[in-house]
Each structure stands twice: as structure tokens, then as C-alpha cells.
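Proteins come first, then strands; the chains are lettered A, B, ... in the order of their sequence lines, and each starts at number 1.
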Amino acid sequence: MSMRLPKQAGEWISRDKTVRFTFEGQEYSGYEGDTITSALWAAGVKVLGRSFKYHRARGVLSFANHDVNVMVTDGNDTNIRGDVVALGNGMQLDAVNTDGGVLKDKNKYIDSLSPLLPVGFYYKAFHKPARLFPFWEKIIRKAAGLGVVNFNYPRITKRKLNKHCDLLVIGAGPSGLSAALAAASEGLEVVLVDENQSLGGSLTYDYAGSESSRKILEELQAKVAETANIHVYTGAYAAGYYADHMVPVVTAKGITRVRAKAVIVATGVFEQPPVFHNNDLPGVMLGSAAQRLINRYAVKPFNKGVVVTANAHGYRVALDLLNAGAKVAALVDMRAEGQRDDLVGELVRKGVKIYPASCVYEAVATSDKLGVQGAVIFPFDEATGQANPGKSVNIDCDGIAMSAGWAPAAALLYQAGTGMGYSNDIQQFVPNCLPAGVFAAGRVNGVYCLQQRANDGMRAAAEVLRYLGKRPPEVTVDKHQGPSPSHPYPFVEHPKGKNFVDFDEDIQIKDFVNAAKEGFDNIELMKRFTTVGMGPSQGKHSNMNAIRILAKIRNLPVEKIGTTTARPFFHPTPFGHLGGRSFHSHRLTSIHAWHESAGAFFVDVGAWSRPAYYQQAGKSKQQLVQEEAQAVRQTAGIIDSGTLGKIEVCGPDAALFLERFYTGKFADQKVGTTRYALLLDEAGVVVDDGIASRLADELFYLTISTSNAAAVYREMQRWLQIWQLNVGLVNVTGAYGLINVAGPAARDIVGKLVSIDLSDAAFPMGAACETEVLGVPVRLVRVGFVAHLAYEIHMPSAHGLNFWLALMEAGAGYGIRPFGTDAQRLLRLELGHHLAGYDTDGLTNPYEIGAESALAMDKPFFIGQRSLKIIGKKKVAKLLVPFVLPQEYSGEMPQDCNLVIDGAAIKGRVTSVAYSPAAKRIIGLAYVDPARNQPGMVFDIRTDNGSIVKATVVETPFFNAD
Amino acid sequence: MTTPQTVMIRKTPVAYAQQALKPKMGELNGMEVALEFEGASVENARKQLLGVTDVSCFQRFSVKGPQAAAWLAAKGMNTPAAINSWDDAAPGTMILRLGGSEFLLEDQHSGDTCALLAKGFKQAEVAGVYKVQRADAAFILSGSEALDLLSELCMLDLRDSALGANAVVMTQVAGISATLLRQTLNGQQVYRIWCDGTYGPYMWDMLMEVAKELGGGAVGLSCHFKK
Amino acid sequence: MKLLECPMNGVRPLSEFLFGGEYREMPDPDGSDDYEWAGYVHYRDNAPGVKKEWWYHGPSGTWFIAERNTLTDEVLKTYLFGKDPSGKDQTGSKPNKNQTTGTEQSI
Amino acid sequence: MAYQLLKFALGREYKEPRFFRDCQTPKKSYDAVIIGGGGHGLAAAYYLAKDHGITNVAVLERGYIGGGNTGRNTTIVRSNYLTPDGVSFYDASVKLFEGLSTELDINLFYSNRGHFTLAHSESAMRTMRWRAEVNKHVGVKSRVVGTDEISRACPQLDISCSGKAPIQGALYHEPGSIARHDAVAWGYARGADSMGVEIFQNTEVQGIDVKDGRVQGVHTSRGYIATGKVLSAVAGFTPRVCKMVNLQTPIVIHPLQACVSEPMKPWLDTILVSGSLHVYVSQSSRGELVMGSSLDPYEVHSTRSTFDFVEGLTSHIVDMFPFLSNVKIVRQWAGMADITPDFAPIMGNTPVRGFYLDAGWGTWGFKATPISGKTMAYTMANDRPHELIHSFRMSRFEEYELTGEKGAASVGH
């Protein structure tokens, strides 16, 4: 039976655009503008989902983005919220969390088992005997969760934007709209956000029956539309409040991080369900939900209904129902005094019977338990909260609208650090101490009268202007008059329970009572034990009622109970939105394209991509790495080392600076030479090592290992500030390219390009100079890290490829071969050099790697020196030594990080191990017992498969260079 | 020794990222540069909507140190008085004051101011001035949607009301350090972005990825500078 | 994201900064015994309160001092090392035997 | 067993007793006072009573029990550490956990799911081997596995991580488990309470009385309590409590954040950790994905949430599981972690006689709950550190004998 109404004045649907869809296999149609729920309800479908725990039938509850029991899947996406997600043509929808469909859910039997499953039952069952728990756990895990995830769902990248404004107004109801307009008229740039598709907040449903309120709404909407400095985001929710007024605003398209100078929270209130037996049946809904159905979507909530209320709002709901052509069989007012204004007369004139001082004791379920067939009304003693069974009235109806009170939508205020106090005038938490730059207006601020809500918006805007240094006129807001909009205790006990407080988690009144009996009688423990508020709606309709129940149990005023902490997000927010377009930055040298075309296999080193080795068809990595290394030993190899950190230290105090920064001496270093530079931290731990080339009296050029470059430069900057030396630091890591040509033919190859004398006498190991190559100024350094004869050429990085090509050409006749980081690691190992960060870890001190010779302990100061004086008094715990395996060794190849074992004790580990084609045996570095560090001594390495290999300590280099 | 006599042409730092687009390349200041991607009519329209242009080939010269400002002034350069601001150092050459005591000069399109300064700089002769070797990837971002693009890649408020006409900001763009300012080029307000050249391909890719979504794309150098 | 004011570059989102730890005056290495030195390296009063901290603005390479309440995460002020505008700052005020003048302060 | 459920159905009155008494007025003195009613403090109280017969004990909790990091962590239990001492210690914890539901008679949902630490680079693979070798040496089941085995355990995982950080392999740790964190605290509280320990919630310690280098008592919001032994088990608040006895430590407080998705039908059966992507994720018995990341990058003594955390985390999760794009995050939260320079705890006696420290837990506190309780109870009862915690002694810092956990710690949850 169609529940669609004739055109309603402010309706959000487009009747000329029909939308066809299916739900649980049945075909339906709705209109563009419908949500899934409104279209189904219009089509007369009332069972929209099943509850999480007991699998009870559920329909509309809030119709405000917390109908968590109405989640559907379209086969592609899951956990789609029917109450707010727009209907799309061709959607094929099914309810989640059912076994066999929403009507015939095979799990509905769990409802009748509910007495077996009291609060916290799972803590008390299934664990004995322990061996059976995995069996029970499988069953429990099968029952867990809501929707089924589609593993083929595509990756979606949403944009994440940044927006700056003077004022962010969250909520475009009467107070938010008034606030935005007032602030904008004073010239502020305003962002106005509302989660609905249309501005107006409660004006789009609550006062919708009234001509005058519609006029107010239209005027406000028109004014906002013509105000250029109000930027409106509809269909957008403020997901959370973060430090310094940053509020991510979420729409279907993505997230905008709004950074405001001030924020007005005008988020309104959530209607709270009164609690009675079967208050969850499809057809029982909040009054505001009924109004939304009628006034936004032109859908009749039910044909003949009962309104249960404890405030004026319920009377307006009844009027809206009557206007929509529904019969109102009774209006049940829980208050002893009932309502005392014109609304009463109006309803009575329209034939509605009013039951003051009464309650709905239970909703009577239809025989199939899928809907309402009546309501049982009992007199209600407001003072004691007791229903009196004496004079009950049974009323036939197919729906119940509930309006007993509200809870502030104050999550953002809490997150901002707002102090909230409980107002007995309105039985609601209201802000009483707002953080700087954060303001509240409207019902979330405890202001209920429509005119005063607009005033309150203007008042908040005036406070914002004052906060921003302007002088606006004072705006006053009248204090709340008349009866409270919320009932202090709208709960009706029932021997059969099923009076739901939390619809997400199926939590009933007795669950709270029992939790308290077991000692979980403060709000946080109660939340954890009962799981109230932990479902997807995050307590929007349950937290306040939980607090009221606990206050009653403990016989304390509500404010003594306090609230649980409100965490982001306001509404659940998709991974894809939050992740957005992730920035995966990376650095490439100017030779990258060449490496790629030469078959390089790249590895990430910090932000850089570096060739690990160059692939060739039919050859293994192992083979290629050996070949690349052999080329260096036999003729020449070439490697792109442009990723190394490069720092210039210049100025009169340059040498002094380095003497303090590094462990060695630099003051007496001759121009044109290089020195080893070892950096420690203040605890004496090895941080990095590199090479310092003195290019002029006042110019040192440092190379730093790739992954430490940025950190070392930062530390140089920091210490320079502390020491106040006359030094300039220039980080030229990206500005210079670096190519290393190594091997016996290196001199001949490099000599083809450079004009200076490269002979050992003129340019020995450790020499460095500035010269010109190919007409370009370069820095040339003779190094010995991977081979005894090797040259580093440092050139402006845009010339890197040219130099690479020129060197390849120059070396062609010698069989020059590019090599990657894998071969480099092997080559330096063959020479016995350790790699900082590879052969050391975050706690290694220089004594453990045998670096005493690099420590100028006689200097007045260097970073880490004082700690070394302490460490130096202690016995070294482990020592890095070079080792070899017997040439004939044919067992399992030891790997890096295999342990050095002595009986039952771990003595150390292998840090580098490889087969050396030059030494023709397996060589490596390992930490060993310091007592076993002498050449010729033997220690045990345990390989992956557990076998013990005898390794022998040797001296380096591992092979005879001649 | 066999030094080639011809001057070697450098590749732009973003060449790697551009190669798939197969732009028409030319040479400026000794560097290869993409002159045109899809033809003048497409790129002229794109320039108005959202265009990304590689101008890494512009000549640059940079110094830092306590005496840097004085040294530049002595060389006849106009230096900005305020920190983090830019100005014209000389006709056709802009100068960015990066923080307090570092200066970046850039010849717009062509010119030899930077080359002359570089030639005239001898480290040993000037105290308190240190040459800063640079290898920037540099971009022009033009068009009505440029701010929209930047609002995704940069967290700063870059509206005209917040970003002064002569302001220089050192910030993060697409998660990496970059220098950014706005400038008027042939009557059009454009944004200029510099980052370390080794991040150039990444930056180009990110700018293009977002630009394409917004209907924009690559614009060749010729579209902004008719030779 | 939290905002922080770099003394050279103004207010920026926290993602542009690196935390450099608490600023602590180094004791005279020659004048302190092993225990005192180990205490300087390892021990600190890390109860919440206003602390002087090192922060680094990455895009410009600027180290500076922030006085921050570590309980509320509120930044009271920021300034370059040794340049507390109130003049109360003791950082770097100790005479340094090797200190020279004409240094470059902001790099 | 399930017959327990019938008991609930048949009884007319709800007869479940209180978990623990509602203590309001402390006695004048106790044999020991434990500051901090989290898992660690309650476990220490439990083992003091059970193992050492010391039952005249007060546990003082500023808020409510289990409300600190016990209730904020992502509930992972494992022992695949790097140092032999670390592995042995946590292995002892895992073994206690395995029998804990039975011992405390509460279902902790201790769920053995297996734990993969993903390696996205060769250097990460080296560290995995290092950990595996040490674990094997100590008898803990950890081994280096290839991508095929990871895919078998979690076929939904994109091994290439959307091409951004291809997975090379992993350290597989068979005993890796998750548990219901709150229940651990409640179980220990009930156990301790039943043996006579008094638990005071909403009770703040305002000062500690020390005379001649010895603890004399504590000043609380419920009055002065005399005692000769005080244990501080207050992760996140350690520096504040240490200040009361003028003790400086290397501990710095950094927030650690986590978040949870909406419930979905369980599909992720294992625990996944990625150091390079700063992600750890498992799926709870409620069907929620429970996720965390690395520590916040700077010191803050508060539990505020940041948006950057959840942005970074989700982008990495989507790299691993692209199909989660439209699945939603429900809630994020934070705890405060004690961080030490070597990523190992500080446990044992202190220079202040009678003041014992159970601190410096970084991000690993939950998994150590039983063993920390047991070893600290031993340490307090005997006034000398239990042998399992020797390398976690505070004096290691001034002795420059830091533990080696730092070597492998990128993300270590």
C-alpha cells in the first residue's frame, strides 16, 4: 500500500523523475530526491533491517543518519545507510546482517534466546574448558559484524582540499543561518556546513506545517544565497573538531579541511527515544522522524498512530500527522501536568484524545512480529517513574511516534574541550565553559524557542566578531521559559524487557541495571561492559538515556554521572575519503631514465630510487651482482651515487665546527685532501660516517650516507646555532650529481675526460680538488671505499647524464660496466669497510666497530666524547670482526643476521656476508665475543636451517689487491 | 684528454616524467625544455583554465650568508628589504629573499644577469657570502583553477588576501619542501613553484594528476614565452 | 592539524615541522662527573608543564625554540635560539669560550 | 561452557555478584600501595596476593579501572622481540595469557590469530631474520616467510601495496594473539579483590611521602595512607608520579593513537603489522577492524586525537586493502605512552627505597600485563628485582647498558 502523500509544500523529491530499484528481490519505485528508506516506506515496506544482536525486525527510528539497523548492500558496496543515502536508479538492494532475507532471517530465533544472553554474557561463557574456545570463537565470529565486504570494490581516491575562513558555522538551522548572516554582514568570510541537502535544519520538518515558519526559512535561504561571503556546503558533515579550529568537512566528493579563526557549533539536538516494551518495532519511530518523512519526502509514517510525548514537540508531531492524513488515535503525555497551550485545544478540536500523565506501556506486535498492531497505555507516575497497570487502555494502531526529549549534538563541542553542565530547566547538558574561538548557538546551546534560536545565532556571531577584535552591538537571548523540552526519565519498566535503549547493540534497561549490580556502575565502565554507544551510531540515541538510567540506579543527579568522551567521527567516515590522494614522494637522480633503460632493478633508499643491480635475461640476481663486482675488480665499474648527502661547510670557523661535530681532526687537514668523518650522538652512539674533503681553507665538502643526509644536515644546523660559529652551511645534496668510477682502469677512463694529472703521486688516495671536466666545474675525489683505485666526480646534477654517457663512452674500450648498490655492498665488504646503519644499529658505539683510530679523544670537545669517556672504561660487549669460511665450504650459505652462538649463548650476529669472487670464498663481518677477535680465532654461526658453521677471524682486506 | 668542444645540453630535471607525453623539445640556456605538448590552441585554452609549465631551464644564481645582501647590492642588484619576499633584482631578473640571508635570483626566460653574477663570484674573495649551488625544478601554474589545485596540494591559505603580491613562502607542496609565490605574467596571474630538482619528476606527476582531473594539463614554454 | 608559528616563516601546519626534543643546557663536560653527565644524556624531568623545545621548520631549514605547555599542547611563544623577545631566555646566553661574532643566525 | 548461559535464563533474580567491592574509605596503612588501576597495577596486586600472600594492598586509581592504556590499546599479544631478554620476558607473558581465562574465570577472548610483521624492503627483511633467529634461539615460534605464505593467510592483502611499497616477506609469529583488553583488567580486579586487595577508583594520588630515602606513605584525595612499598604502574603518568619522589627518568610521553572501523563480517583472520607503512591491523570478534599507527611525533601529556593520524593510517590501509575505500571509520582515540630511549620498559627498584617502577612501556604494555604483574609482585615482595627484568633496570641508562630493542624498532606493536 502506497504511503506517498500528495505534494507537500517543502518536499525534497522530484516527482517528475521516477527511480526504479529493488529491495530484497522485489521491484519498487521512488522519486529522485528520495532516500532508500523514504522510498521503501512510501512503498509500504516497513521491515528494513534486522538488529545486530537479536536479529529483531527494525524500521525507521531517527531517519537522521543513525538508523543503524537499516543498512543495506547493493552487492558492491556495503553498510549503506538507508535513512540518508540517496536512492539511485537501478539499485538492487538487500539488507545486511540477515541470513535468508530481512523477512525470513534465519537468525531471528536469537531474539527468543535473549534471556540466555544477558549483558556481558560472553565474558562468562565459552572459556571453560579452554580447548573448546576456538570452536565457540568460530561461531561467535560468524555472527559478528554487519555487512559483507566486497573484496573487488574499486579503490577510490577522493580529493582532500584545504579551505581557510574567518568563521565556520556548523549546522544551518535557524540559529546557524542567523549566525552566518550576521557574521557575513560584518564582512567575515563564512563557511556554512549542513549535513542535509537543503538549508534550514529543523525548519525543514518541524514547523513545516506552518506558513509563517516556511516564510522565515525561505527568507533565510534567499539571504544566504545572495551573500557572496558565505560559502555553503550542503550534504556535508563536520567530522570532528581538531586543534586550532580545524574541522574536516565530509561530502560525497571528498573532504575539505576547513581552518577557521572561529567556529560556531549550531548542530542542534538528537531526539531521544522514550523506552518501553517493543519500542523498536517497525512503525515505532521518533516524532522528528515522522515529521521528516512527511515534510521532506511526502511519506505518511503510518495510517493510524499513537503519539507518546513529554513536550510540546509531540503535539506538533500530532498536528503534522493529522495534516498528512494519518489518524492520531491517542496522544499520550508522560507529564503529570500535560501540555498547557493552544496546541492542546487545536488537537482536541481535531478529535485527538489526549491522555495526560500516561505512558505507552508497550507496543503490541503483530503476530509475525514485523510491525505494530496496538499500544497499551498505562497511567504514569512521573515522580516515581512507575507505570500503573490499574487503568490500562488498549488502542489499535499501526505506528507510534515518540517525542520525549532531546540530547545535544555536542560531539564537536566536547572534542574542542568545552565544559558542559546539566541544566535542570531543560534537562539537558549545555555548554558552560567554551574554549577560545569556539561558540555554540541554538538548541545545542539549550535555546529552544524558535525566535530565540535565531537570536542566539546572532548573539554567537556577535561574540565571534568580538573575539576577532571587532565591536558589534550586544545581542540578548531570553532564558528558557516554560516546561522542559526533555523528560528527565522517560522509561517504562516491563517484566518482559525488550525496552530498548541502544538500538545499535540491542541493549535494554535491565542490562544497565545488571551491569551496575556487577560493579560496572560508573559511566565509562558501564559503556565498556554493556557496549552502549559503541555501535556505528556512537550513542546518538542512547548515551543520554544511559546516563539517566545510571543516575537513577545510583540515586545521583545526572550531572554527577558525567558523560563518556566524544571522539571523532561525528558520522562514520570512509577510508577512501580519509586517505585521499596520498603523497608518496620520491627522488630520482638525473640518470634515472638511463638506469631504467639498462634494466636496473630499483630499490628505495630513503626517498630515493637506486639501482640495486642491472637485470639481464637469463641471469640470476646473484650472478649479476657477482659479475658487476668482478668488473670493478678486473677493469672498471661505474655507479650513480648522486643520492649521497652533500654538504658544504664554509667560512672562517669551518674547521672548528667540524672538529666539534665529528670525532676526528680537521683543523690540520690540508687543502686538497679528504678525511674520514665519524658522527656520534651525545650518548656516544654511531650515527653516520662520511668523507670530508677540504677544497679550500674555508670550504669543506662533506659526503654523508644517503639515508642520513637530511638528519645530519639538520643536526649541523642545530649545533651551529648553539655554538654560534662563523660558518655557512649549504646543503647541495640535490644540486650535485655524483658518479663513481672504480677499478684498475678507472684512472685511464677518467683521465680521458680530465686534464689534471691523476698519477698516484699527483693525485693519491684521499686527494680532492675542484677542476673542470667537459667544460663544467666539478669536484674530483679519489676514494677507496669499493676499490683501491676509484674516482668520484661531483658535477652539477643536471649534467649527470652527460657525464655518465661520456664516462661510459670513455670506458667502452675497457669493458666498463654499471653496478648497483648490491655490488657496491659486496665490494666494500671485500675491502673490509663497515656500513653505518647496516653493520651498526641504533646502539652501536665506536669501540664495538673498532673505530678507535677515528676518535680524537685529545680534542677539547666533540659530540659524544664525554659519553665515550664513560663507555671507554667499560668492557666492550661485542666486537665487529671480519671473518671467512673455508674455501671448500659447501654447506648452507649463512645470511645477514644469522646469530653468532657459543653453546647456549648468543654472542653476536653476522651483519654482512657474501661470496666474494675476489677472495674466492664466503666472507663477512660479524659481532663476536671480544675475546674471540684475533685473526685465526674461530667462532660459530648458526644458519637458517640450524646448522653450525665455523667461521675464522681474519684481517682485511679479504683479498690481495695486487 | 678529449674534451668535446661543443657545450653539453642538460636535461630538465622533469624530463623523466615528461617523456611519455612526447613534447616538442627545444633548448634554452643550455637546457632542453618542453616547448609544446598538444599545440597552441589547446595549450592557450589550458593556460587560462589550468596549465603546468616546466621552467627549470631558467638561469639561477643563489648566495647566502651575513654579507649576501650587501654583496648583491654592490653588484647593482635590487634586493628585497623584507624577509620572505621577492622583487625584480634587475630588469628581467627576479630575486627571492629566502628567509633572512639567502637570495635566489632567476632570469625570467633568458638573460645573463645570473651568469654574470656567477662569473663574478670568487668564494675566496668575499667574506660572509656563500654561493648556493642549486638545481631546481621550477614550474608555472596558471589559470582560473590554479588555486583549486593548490588547495589540494598545499595546506596554506594562498588566496590573494593571504598571500601578498610580493610574498615568498617556503612550504610543502604535495608533501615536499617547495618555494611558492604569485606573479603576473603577460597580464595573467600565475603561481610559481620551485623544488629540489631530484623531486622534479614527482612534483610534475602530482601537478599533472590533479590538473588533469580539473580539466587542465601540460603547457609548453612557448605558450607563455614567444621567442 | 595543529598550527605552529615559525619565527621566520609565520604560522604553519605542524606537518611542516620536526620536533627536536627538549632544549637542555649542556653541563661543562670537563666539570661534571660521570653520573652528572649520564644524567644529562638520559634523565629529565618530563612531568607536564611549559618546556623549551627545539622545533625545525623543514621547508626553510629553520631551527627555533618553542615554549610549549606539554599538558595542553599550547604554544606560548616561539623565537630563534638566543633571541627570546622578552629577554628572559637563557638559551645560548652562557658565554661560549669559542664564540665568534658575525654569525649567520637564520639559515 | 554454554551451560553457563542456561543459568542466566533460569534464574529469576539476576544473581551475578559484583566483580569487585565498591571501596570508599581506605585504611590508615597497607603493606603495599599500587598506584594505577590498569592491567599492570591490578595484575601486580593479584600476584602479590596469590604468589606472595600479601593481601593488605590498596590499588589507587585516579579514574576507573582499566581506563588508561589498558582500555585504549589495540590488544595485540606477541613475543617476537629482538633481544633474548625481551623475547624471554614476553614469552613468559604469552604463556600466562594462554591460561588466564581459566585462571581468572573470565572469557578474555584470547584469540590466537598469528601475527605477520610485513617487510617492504631488503633491510626490513634482514631485521625480520634477526628477530626470527633470536626468537628461535629462545624457543619462540617465529620465522621468516615469503609472500606466498602471507597471501595464503590473508588473500585479500595487495602484496604490492598498490605499487607503493611491495611486500618482500614477513616475520610470522605463530603465537600472536588478540584479547579483550577491558576483561583483562576486570578479571585481575576480581581476582585481587577476592583475595582481599582493596581497589579504590576515583582516587587521586597527590603526593608521596619520602623520608631518609624511604617511602613512608601516599597522600590521596581520600586521605593519607601509610605504607612502605609503593608501586607506580601509571603508563602515561609516570613522570608525574616520579616527580613526587624527585626521581628523574628517561621517559618521555608521546600519544599513541588508534581507530576502529564499522563492524563487517570477519574476513581478516590474522594480525598484520607493517613497519614501513606504520600500520597494524586486526579484526575483533565484533567485526571491527582495530587499527593503530606509530607514536605521535612529539611530546604531549593528553589523549587528544589528530586528523593527520587517521589520514595517514587510512591511506596506508587502503594501499594494503584497496577494497576498503568505502568502508568507514567509526571512532578514533588516543592513549599516552611512556617512551624510553631504547624502547624497553623500566622495571624494578629505584634509588628511592620502597618505590618501585613499572613504566616505560612504550606501545607494548598490554602484552606484558600478566608478566609485569607477576615480576613486579615478586620484586616488591622480595625487595629485589625478578631475574626476568634484570635488563630492564633503570640504572642501565647511567651504566650505558641500554637494551638492544631499539635496533629493530620501527613499529613494534
Side-chain angles (χ1 to χ4, degrees), chain A residues 159-164 189 254 256-257 259 580-590 592-593 596 607-608 642-643 646 648 650-652 695-699 726 728-737 751-755 772-776 796-803 806 810, chain B residues 1-13 15-17 19 30-31 56-57 62 64-66 68 101-102 123-124 127-136 148 150-159 161-162 172 174-176 195-203 206 209-210 213:
Chain A
R159 295 189 76 200
K160 265 191 294 188
L161 305 180
N162 298 290
K163 186 161 183 80
H164 304 263
E189 289 285 325
T256 303
R257 302 186 196 94
R259 173 81 66 183
R581 193 193 315 273
S582 54
F583 299 138
H584 198 75
S585 62
H586 53 269
R587 303 179 83 167
L588 304 177
T589 73
S590 60
H592 188 81
E596 200 173 74
W608 298 90
T643 63
K646 308 167 205 83
E648 291 173 350
C650 13
L695 299 176
D697 270 345
E698 297 188 2
L699 174 59
N726 192 354
L729 295 174
V730 185
N731 186 348
V732 290
T733 298
Y736 275 104
K752 284 189 176 184
L753 302 185
V754 306
S755 51
E772 268 197 10
V773 173
L774 305 172
V776 176
S797 58
H799 273 302
L801 181 60
N802 293 330
F803 275 70
Chain B
M1 210 203 69
T2 57
T3 307
Q5 292 310 299
T6 50
V7 175
M8 292 189 300
I9 306 300
R10 296 162 295 148
K11 290 236 187 253
T12 160
Y16 176 73
Q19 61 190 7
M31 184 180 276
S56 305
C57 60
S62 179
K64 72 194 286 189
S101 54
E102 182 168 344
Q123 183 71 68
V129 187
Y130 310 110
K131 187 181 167 201
V132 179
Q133 178 81 25
R134 296 188 69 108
D136 297 79
D148 188 357
L150 285 171
S151 80
E152 180 169 358
L153 297 186
C154 178
M155 293 184 91
L156 296 198
D157 188 354
L158 299 175
R159 293 174 299 168
S161 56
Q172 285 182 333
I176 60 163
C195 69
D196 190 289
T198 60
Y199 279 115
Y202 164 75
M203 182 66 91
M206 289 309 298
E209 186 179 315
V210 182
E213 284 177 23

Q. Given a strict heavy-atom distance threshold of 4.5 Å, which part of A:Arg259 is in contact with chain B: side chain, backbone, both, or neither?
A. neither
Q. Hey, what do you get for CZ (B:Arg10) to CG (A:Leu801), rounding to the nearest 0.5 Å?
A. 13.0 Å
Q.
Using heavy-atom distances under 4.5 Å, tell me whether A:Glu772 contacts chain B through its side chain, its backbone, both, or neither.
A. neither
Q) chain B heavy atoms under 4.5 Å from A:Ala696: which part of the residue, side chain, backbone, both or neither? A) neither
Q: Mind checking ring pair (Phe, Tyr, Trp, His ring centres under 6.0 Å) for A:Phe803 and listing every partner two or more places apart, or none if nothing turns up?
A: none
Q: Look up atom SG in A:Cys650 and atom CG in A:Leu695, then write down how far apart they are to the nearest 0.5 Å.
A: 10.0 Å
Q: Counting only heavy atoms closer than 4.5 Å, note whether B:Asp148 contacts chain A via side chain, backbone, both or neither.
A: both
Q) Which region of B:Met206, side chain (C-beta onward) or backbone (N, CA, C, O), has a non-hydrogen atom less than 4.5 Å from a non-hydrogen atom of chain A, or is it both or neither? A) side chain
Q. Taking the side chain from A:Lys646 and the backbone from A:Thr733, do they hold a donor-acceptor pair closer than 3.5 Å?
A. yes
Q) Non-hydrogen atoms of chain A under 4.5 Å away: do they reach the side chain of B:Asp196, the backbone, both or neither? A) side chain
Q) When heavy-atom pairs shorter than 4.5 Å are enumerated against chain B, which of A:Ser590, A:Ser582, A:Ala607, A:Gly651 gives the highest number? A) A:Gly651
Q.
With a 4.5 angstrom heavy-atom cut-off, is it the side chain or the backbone of B:Met203 that approaches chain A, or both, or neither?
A. neither
(Q) Tell me every residue that passes ring pair (Phe, Tyr, Trp, His ring centres under 6.0 Å) with A:His164, counting only those two or more places apart in sequence or in another chain. (A) none
Q) Quick one: what part of B:Tyr199 sits under 4.5 Å from any heavy atom of chain A, side chain, backbone, both or neither? A) both
Q.
Counting heavy-atom pairs under 4.5 Å with chain A, which one of B:Arg134, B:Glu213, B:Gln19, B:Lys131 comes out on top?
A. B:Glu213
Q) Is chain A contacted by the side chain of B:Leu156, its backbone, both, or neither, given a heavy-atom distance below 4.5 Å? A) backbone
Q. Quick one: of B:Ser151, B:Ser56, B:Ala135, B:Ala15, who has the most non-hydrogen atom pairs under 4.5 Å with chain A?
A. B:Ser151
Q. So how far is it from B:Tyr16 OH to A:His592 NE2, rounded to the nearest 0.5 Å?
A. 3.5 Å
Q | Which portion of B:Pro201 sits near chain A, non-hydrogen atoms under 4.5 angstrom | A | side chain
(Q) Check B:Glu152 with A:Lys160, please: is the shortest side-chain N to carboxylate O separation under 4.0 Å? (A) no
(Q) Would you compute the distance between atom NE2 of A:His586 and atom CD1 of B:Ile176 and round it to the nearest 0.5 angstrom? (A) 9.5 Å
(Q) Under a 3.5 Å distance rule, please check whether A:Lys163 uses its side chain to pair with a backbone N or O of A:Thr256 as donor and acceptor. (A) no
